[in-house]
Amino acid sequence: MVTQPILKISHLSSSFKSGHNYIKVVDDLSLHINPGEVVGLVGESGSGKTVTALSILQLSNCLLEGSIELNKHELIGMKQEELRNIRGKKIGIIFQEPMSSLNPVFTIGKQIAEVIENHEKISHKQASLKAISLLENVGISQPDIRYHEYPHQMSGGMCQRVMIAMAIACQPQLLIADEPTTALDVSIQSQIITLLKDLKKQYNMSILLITHDLGIVAQLADRVAVMYAGQIVEDAPIKEFIKKPEHPYTLGLIKSLPGKHKHGEKLFSIPGTVPNPLSWPNGCHFHPRCSYVEDQCKVNNPCLFEVSPGRQSRCFFAGRLPDEK
Amino acid sequence: MRISLNSKRFLTGLIPFLFLLVSCSSNHSVSSNSHSKSIHSPGPPTYGDWLIRNLGSDPQTLNPVTSSDLYSSYVNDLIFSKMIDVDSDGNIIPSVATSWNISKDNKSFIFHLRSDVKFHDGVSLTAYDVKYTWDKIMDPKSLAENKRADFEYVDRFEVINKDTLRAVYKIPFSPALESWGFSIIPKHIFEKEDFLKSDYNKNPIGSGPYVFQKWKSNQYIMLTANNNYWGTKPYLKKIVFKMIPDQTVSFNSLLKGDLDVEGLTPLQWKKFSKSSDFENKFYKMNYYTRSFSYIAWNANGRNPFFKDKKVRQAMSYSLNRELIKEKVFYGLGELCSGPFYPKSWANDTTIKPIQFDLNKARLLLSEAGWKPGKDGILYKNGVPFRFKFLLTSSSDLGKRITIIYQEDLRKIGVILEPQQMEWATFLERIKDRDYEAATLGWSLSLDPDPYMIWHSSQIKEGLNYVNYSNPEVDRLIEEGRTTFNVKKRTELYHRIHQILADEQPYTFMFHSPSLVAVDRRFQDVKLSNQGLGLFLYNPGQLNWWVPKDMQKYRRY
Amino acid sequence: MWSYILRRVLLAIPTFIGISLITFFIMHLAPGDPATMALQGDSIGKGMSAANIEQMKETLGLNDALPVQYFRWMKRLVCLDLGESLKDHRKVTEKIWEALPNTLLLNLLALIVVYIVSLPLGVFSAEKQNTFFDKSITTALFILYAIPVIWLALLLIMLFYVKLNWFPASGIQSLDSEYMRWWPWLFDRLKHMILPLVCFSYAGFAVISRYVRSSMLEVIRQDYIRTARAKGLSEHKVIYKHALSNALIPIVTLLGLELPGLLGGSVIIEQIFSWPGLGWLFFDALNSRDYTVIMGLTVFTSILVLLSTLLSDILYAVVDPRIHYE
Amino acid sequence: MNKKSYRHFIFRKILHNRLALTGGIFIIILSLIAFFASLIANDKPILVIYQNRLLLPCIYVPQDLKQADWLNIINKSDFSISPPIPYSPIGVNLNECLLAPSPSHWLGTDENGRDVLARMIHGSRISLQVGIIAVGISLIVGVYLGAMAGYYGGWLDSLISRFIEIMMCFPFFFLVLAVMAFLEPGIYKIMIVIGLTSWTGIARLTRGEFIKIRNEEYILAARCLGLSNSKIIFRHILPNAIAPVLVSATFGIASAVLVESSLTFLGFGVQIPTASWGEILSQGHKYLTIAWWLPLFPGLAIFLTVLAYNLLGEGLRDALDPRLTGSGDSW
């Protein structure tokens with residue numbers, strides 16, 4: 001049975017206004033998320049993955065083209081009031097820097113209760129009770145005391161838990177996690193990931209996980225989409241992706257994982273750096289750094305096509321890449 | 001007798017004055033273009049309405065003994081009564097003292113007081129109050145320095161009985177009588193009080209025509225008519241003194257009717273009051289105050305210029321007073337030739353003021369040994385003729401005259417370097433004789449006795465800070481102080497006038513015009529022709545009244 | 001918190017002594033002395049003979065050495081007695097109490113008017129940065145700031161008092177004010193206050209709105225503002241609740257800086273509008289070298305300054321939970 | 001972005017900001033006028049050939065011609081160039097008192113017959129210098145003390161803060177009076193006094209900013225690199241703390257011009273016969289209803305200068321502080 005995707009992004013491109021011209025940062029991106037599914041959006045920093053996340057909720061002031069559909073409701077061009085009913089209610093979002101994402105002059109309890117009161121017509125008393133239960137739900141001890149504390153009195157990990165509590169306060173269908181663990185140390189990271197897993201099961205919500213850490217994607221995500229220079233270059237279920245990547249860039253990414261290399265060997269790293277949005281190479285954006293580059297790669301622009309059921313890749317030689325042993 | 005220089009409103013506005021010795025009634029009429037004759041409207045004078053006047057700022061205090069500034073004397077003259085007073089012609093007239101007789105040797109005076117005079121709190125005024133007031137003036141702790149100097153030669157002052165007092169002098173002292181016209185303070189009140197800090201200094205109790213009602217500091221002082229006043233009852237129900245320091249605002253308040261009386265600057269008088277509606281809204285009064293402005297040349301030898309008479313005369317010749325009178329006073333001032341009030345008998349009208357003549361100045365300077373150097377500046381044995389000229393920064397007209405004078409002096413090779421000073425600093429430099437030249441002014445009392453300013457004994461201690469000493473002038477002054485015969489004093493003072501006009505210790509500049517506008521609704525407005533203005537004589541504003549239909553303030 | 005306040009108050013005492021010491025000695029540096037000035041009032045009279053002035057100095061105790069005079073003054077200050085004015089021997093506290101309400105009333109109203117107007121203006125121009133609205137508001141406020149106060153005072157008087165006769169131009173109330181019932185009395189006081197109030201507050205708009213704008217611009221770019229939007233809050237709530245409460249922190253310290261201005265009063269405005277405030281009192285005392293009144297005024301200003309700096313620090317802690325004082 | 005291009009970046013930003021540009025141009029023109037004041041408005045000719053001697057009287061007057069009457073020199077000279085406004089700022093001419101603006105006197109004459117335009121041109125020197133000298137001093141003292149108090153903290157901070165509080169309630173008039181009395185009275189001394197007493201606001205602001213920035217990461221990083229304290233303060237902290245200080249500095253310059261005019265109004269300002277806008281305005285105060293041009297033009301000049309300073313300051317502040325430019329362009 002073909003499940004209806006919660007979120008369907010097709011041919012999205014968002015560009016920043018700089019001076020009098022617009023610089024395209026996300027170029028013709030298409031992605032869909034099914035209910036209850038965790039999709040990992042992976043890419044080096046500067047590949048446009050955070051802009052994509054923010055564009056969904058239109059939080060970054062850039063020009064959006066294409067369509068973003070949430071349960072068949074087109075978000076781009078939606079009136080501000082309706083968009084507000086989506087934000088925090090239907091789609092929750094957590095950010096990379098939990099410490100600076102909480103308002104320093106309000107208590108964390110008040111900031112959580114604010115979301116509930118904003119979307120559900122319930123009294124302040126019930127909202128604060130619900131906030132306390134949420135705090136407990138995200139694993140914060142003595143929630144009734146913590147309710148009255150300020151963000152600067154809490155550690156990074158606790159702040160991230162508060163952010164999560166805020167995001168899931170109104171049981172959203174989709175949670176966007178923009179590099180939730182990058183700013184935290186490793187031990188806290190795994191706690192946050194297990195927390196996200198439990199919440200996914202408990203609220204049966206789908207998660208768009210944005211990160212540059214393949215390890216986290218492997219643990220949490222069901223499917224992964226790799227972005228490079230504003231485009232999705234590969235979209236595949238996690239297991240098949242790890243076993244056999246279908247794009248030179250994702251191949252390089254997997255090879256550079258520390259676990260994969262042999263003792264004494266030099267760690268593999270993809271030569272060159274991510275191009276600046278102002279100067280994307282024509283043709284395939286990856287061709288300057290690709291070790292399988294051909295002439296046609298430099299000229300025409302590969303499109304994302306189905307390699308096998310549920311798998312897509314943006315490379316002329318997808319599926320025919322020699323296996324690296 | 002009180003001489004003082006007024007700097008705040010230097011050369012303009014109302015100048016302080018208090019007393020007068022007996023003088024022949026002079027018949028000079030006030031200058032032609034004023035409308036001082038009061039317009040009598042039909043019908044007898046009626047009571048009611050207020051008079052709103054303007055003081056620049058709060059009077060120092062309302063205790064007549066300790067106060068020394070002009071504003072407090074304006075208010076106190078209405079609240080307190082005096083033994084003797086002065087009329088519009090400057091003659092001494094009886095007040096609380098009905099009569100007084102002078103002993104044959106001119107050394108003792110006996111005053112006879114009225115018995116029906118009552119203070120505002122109902123207690124009657126007796127000779128003991130007058131004696132108490134005199135004791136307080138003489139007591140150093142009451143800080144009444146400037147009044148104490150008048151009684152220098154008084155041997156003793158005693159009460160004979162409830163209504164008579166006697167004053168005995170060590171030597172016959174002609175300017176004596178006028179000094180006995182001080183305001184009498186209630187003994188029964190101040191006895192119990194600490195004299196300086198007493199609350200009655202802020203709400204005084206006197207025996208004058210007006211009772212003190214309210215003083216809101218830096219806002220207004222309100223006096224109400226004294227119903228059981230022993231003299232002729234005043235017609236105006238209330239007199240209010242407002243405090244408006246800014247001249248532009250006070251002038252406009254006059255135009256809007258918030259003020260009834262206000263002094264005008266020469267410019268306002270000339271440019272403004274020509275308009276017809278100003279004419280039929282206000283009387284315009286123009287008179288010479290008993291004051292003159294001058295430039296003091298410090299002849300104490302510390303500077304190489306002004307010890308020499310010729311140099312001083314040259315400096316006087318190079319001041320273009322005619323042009324300044326025309327352009328700064330708009331023709332309203334009058335050139336001054338000597339230290340006496342032009343209409344007073346002491347003034348020798350035959351002496352004409354020095355005319356502006358740069359060539360004569362150059363001649364005098366070269367006679368005095370000042371030869372022009374290469375750069376056009378005069379030199380004498382190597383010293384350039386460059387001197388510092390002190391003036392107060394608050395006096396606007398002083399600045400204008402200095403600028404004009406500086407320009408003319410430069411033409412004859414003399415460099416004048418102006419130094420503007422804040423009033424207190426200026427006073428300090430004058431007191432310590434630490435200056436080369438300075439521009440000031442004197443306001444004179446009625447009695448022309450010039451002892452304080454010109455007698456050589458006053459060089460170290462008193463007011464003779466130009467270091468002027470001339471034995472003949474000393475002799476004339478001393479003689480003038482002891483003779484009571486007016487004709488004799490006139491000759492003495494005319495001689496003094498001739499010597500000073502020749503020696504030019506000062507460059508005598510102007511008799512400044514005092515220009516006043518009064519609301520036409522007041523009747524019987526009379527101007528004194530001895531420079532006492534509208535208020536500083538008896539009856540002054542006590543005669544003013546307003547017909548019923550023109551009264552503005554009626555409700556209270 | 002209370003130990004911090006106590007520490008600050010204890011610390012304020014040496015500061016206060018320092019202020020009074022410096023003022024006392026610099027005051028005596030300036031030439032001219034109260035005896036001469038008290039004797040002369042505004043003109044050189046007979047009293048100027050050296051003997052009289054010496055006598056006066058003796059009675060006023062001005063001949064003693066400066067330290068002696070300072071301690072005598074300090075001794076009386078300790079029992080809250082500021083002494084008597086050298087000019088008219090009235091109690092200094094009485095003179096200051098007369099003038100204080102007038103200046104305080106006017107300045108407080110001006111401060112309130114300034115903040116009420118410039119806060120929204122600053123926020124708007126920050127919100128709509130670099131739009132036509134922002135540019136026109138800024139230019140208009142600078143034009144207002146640039147007008148010299150002497151000029152404005154005169155233009156106001158000529159227009160509203162002379163031509164239109166809407167507002168009186170001098171004094172704080174009309175002569176017959178105490179006969180009025182309370183409502184016309186209040187209206188009369190307000191009418192007298194309008195013109196000086198405009199002169200006091202017109203320059204403040206530009207200053208405060210610039211600070212509010214730059215502080216708001218900084219806050220708007222913070223992450224928690226994006227979180228607030230992500231929570232689906234209305235733009236109004238995001239700006240006025242989340243952004244403004246953070247942007248207010250530097251404005252509070254600015255308020256602390258403004259308080260001393262309350263006492264200063266402006267000599268020029270008070271002289272032109274004959275407003276009997278502390279500015280005029282101070283200028284008179286300055287001209288007549290009335291040492292005790294000047295010292296009394298300095299005591300008042302320094303207490304207010306120390307209080308206001310302490311208050312602004314405490315307000316800082318109240319507004320910004322991150323800061324607290326042990 | 002290397003150093004040179006950063007300055008170039010700011011300059012381009014200001015050029016781009018039309019209002020700040022107009023302010024800047026006005027100030028530059030004003031400074032030129034002030035600099036060449038004696039060549040623009042003077043009764044002496046700019047260049048004259050007289051008794052076959054080439055003279056530049058506006059710049060240097062030889063000894064023997066110090067008191068000379070330049071009018072007949074011009075008539076008798078073979079060739080001479082007179083300045084556009086042939087009136088000296090202090091030349092009294094009593095026959096032309098209080099003339100309305102006319103072709104001969106573009107801005108009319110004052111009560112002593114001196115040409116208002118000539119006096120305003122020479123007065124511009126004083127008004128420009130007042131702002132720069134007074135605020136220059138208060139900036140240097142304020143920023144330095146504020147930085148020391150903010151950066152080092154502890155006893156130094158409380159010492160400087162107490163000193164700031166003392167200076168805040170010090171009666172500013174007294175210092176003016178003491179200076180006027182002891183040293184020769186002059187406007188430059190007053191400027192220095194204004195500077196020395198108005199730095200407290202800037203000091204407090206700088207201290208606040210330094211305390212905030214002191215424990216930012218990039219400062220800790222700089223410390224780890226072993227940079228000296230002074231380098232950290234002036235190279236790293238100051239550029240970030242400069243924004244509010246600049247705001248108060250631009251207001252400082254503007255208010256210094258206004259303070260000069262108020263001081264002159266109260267009689268403490270410039271000495272006669274030198275001209276300054278404040279002096280002409282305070283004279284004009286009395287002639288408001290009679291000679292409208294006396295208060296109008298100096299008031300207008302002060303108004304435009306203060307406005308120009310503010311606009312330039314605003315543009316500079318926006319350009320200098322990258323955080324505040326927000327997204328994209330400026331005005």
Side-chain angles (χ1 to χ4, degrees), chain A residues 17 50 53-54 56-61 80-108 110-120 148-153 159 162-163 165-170 172 175-176 178 183, chain C residues 1 119 123 125-134 212 215-255 312-326:
Chain A
K17 183 170 185 296
T50 305
L54 295 180
I56 295 170
L57 282 174
Q58 288 163 37
L59 284 174
S60 64
N61 41 31
Q80 275 299 333
E81 290 75 23
E82 285 148 25
L83 194 59
R84 269 194 222 114
N85 290 338
I86 306 282
R87 287 182 185 157
K89 194 160 190 330
K90 298 241 170 23
I91 303 179
I93 187 165
I94 53 175
F95 298 103
Q96 177 177 351
E97 284 289 339
M99 293 289 280
S100 66
S101 298
L102 290 171
N103 192 328
V105 289
F106 294 131
T107 61
I108 57 156
K110 193 156 168 283
Q111 295 186 46
I112 297 172
E114 190 179 24
V115 181
I116 303 165
E117 273 167 53
N118 188 33
H119 289 296
E120 291 153 17
H148 301 287
E149 281 185 2
Y150 286 94
H152 67 278
Q153 293 165 311
C159 282
V162 168
M163 286 296 292
M166 228 183 328
I168 61 163
C170 308
L175 171 68
I176 303 175
D178 177 8
Chain C
M1 172 65 100
L119 264 179
V123 170
S125 54
E127 209 181 327
K128 301 182 176 53
Q129 195 199 359
N130 296 340
T131 61
F132 171 74
F133 179 87
D134 175 23
V212 169
S215 159
M216 275 298 280
L217 285 180
E218 230 176 292
V219 162
I220 278 178
R221 286 191 339 285
Q222 298 300 327
D223 291 349
Y224 51 81
I225 296 300
R226 194 178 51 190
T227 322
R229 286 209 181 92
K231 285 201 266 190
L233 298 175
S234 68
E235 195 59 21
H236 179 79
K237 228 182 194 159
V238 168
I239 294 290
Y240 277 89
K241 190 170 179 229
H242 283 269
L244 191 57
S245 47
N246 279 285
L248 277 187
I249 300 170
I251 307 300
V252 154
T253 44
L254 208 62
L255 192 66
S312 78
D313 288 349
I314 291 168
L315 272 179
Y316 209 95
V318 164
V319 171
D320 186 346
R322 285 167 293 191
I323 294 176
H324 56 83
Y325 300 96
E326 315 75 37

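No experiment lies behind these values; they were computed from the predicted model shown. Numbers restart at 1 for each chain; the letters A, B, ... are given by sequence-line order, proteins then strands.
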Exercise for review: Under 4.5 Å, counting heavy-atom pairs only, tell me which of Ile225(C), Val319(C), Thr227(C), Ile249(C) racks up the most with chain A.
Suggested key: Thr227(C)
**Study point:** Contact summary for Val105(A) and Ser245(C), nearest pair of heavy atoms
**Key:**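 The answer is CG2-OG, 3.7 Å.
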Point to revise | Heavy-atom closest pair, residues Ala183(A) and Glu97(A) | key: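 Smallest heavy-atom distance, with atoms named: CB-OE2, 4.2 Å.
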Using distance only, find each side-chain donor-acceptor pair of residues 110-117 of chain A under 3.5 Å and give its atom names and separation, not counting sequence neighbours.
{"from": "Gln111(A)", "atom 1": "OE1", "to": "Asn103(A)", "atom 2": "N", "distance (Å)": "3.0"}
{"from": "Gln111(A)", "atom 1": "NE2", "to": "Asn103(A)", "atom 2": "O", "distance (Å)": "2.7"}
{"from": "Gln111(A)", "atom 1": "NE2", "to": "Phe106(A)", "atom 2": "O", "distance (Å)": "3.0"}
{"from": "Glu114(A)", "atom 1": "OE1", "to": "Lys231(C)", "atom 2": "NZ", "distance (Å)": "2.9"}
{"from": "Glu114(A)", "atom 1": "OE1", "to": "His242(C)", "atom 2": "NE2", "distance (Å)": "3.0"}
{"from": "Glu114(A)", "atom 1": "OE2", "to": "Lys241(C)", "atom 2": "NZ", "distance (Å)": "2.8"}
{"from": "Glu114(A)", "atom 1": "OE2", "to": "His242(C)", "atom 2": "NE2", "distance (Å)": "3.0"}
{"from": "Glu117(A)", "atom 1": "OE2", "to": "His124(A)", "atom 2": "ND1", "distance (Å)": "2.7"}

Check your understanding: In terms of heavy-atom pairs under 4.5 Å with chain C, which of Ser100(A), Ala169(A), Gly88(A) leads?
Key -> Ser100(A)
Check your understanding: So which of Ile176(A), Leu59(A), Leu57(A), Thr107(A) has the biggest tally of heavy-atom pairs under 4.5 Å with chain C?
Key ->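 Greatest number of close heavy-atom pairs with chain C: Leu59(A).
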**Study point:** Contact class of Leu102(A) relative to chain C, heavy atoms under 4.5 angstrom
**Key:**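 Only the backbone of Leu102(A) comes within 4.5 Å of chain C.
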Point to revise | chain C contact via Leu54(A) - which portion, at a heavy-atom distance below 4.5 Å | key: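 Only the side chain of Leu54(A) comes within 4.5 Å of chain C.
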Review point. Excluding sequence neighbours, so at least two apart, what forms side chain to side chain donor-acceptor pair (under 3.5 Å) with Glu82(A)?
Key: Lys79(A)
Exercise for review: Report yes or no: does Arg87(A) contribute a side-chain atom to a donor-acceptor pair with the main-chain N or O of Ile93(A) at less than 3.5 Å?
Suggested key: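 No; zero donor-acceptor contacts below 3.5 Å.
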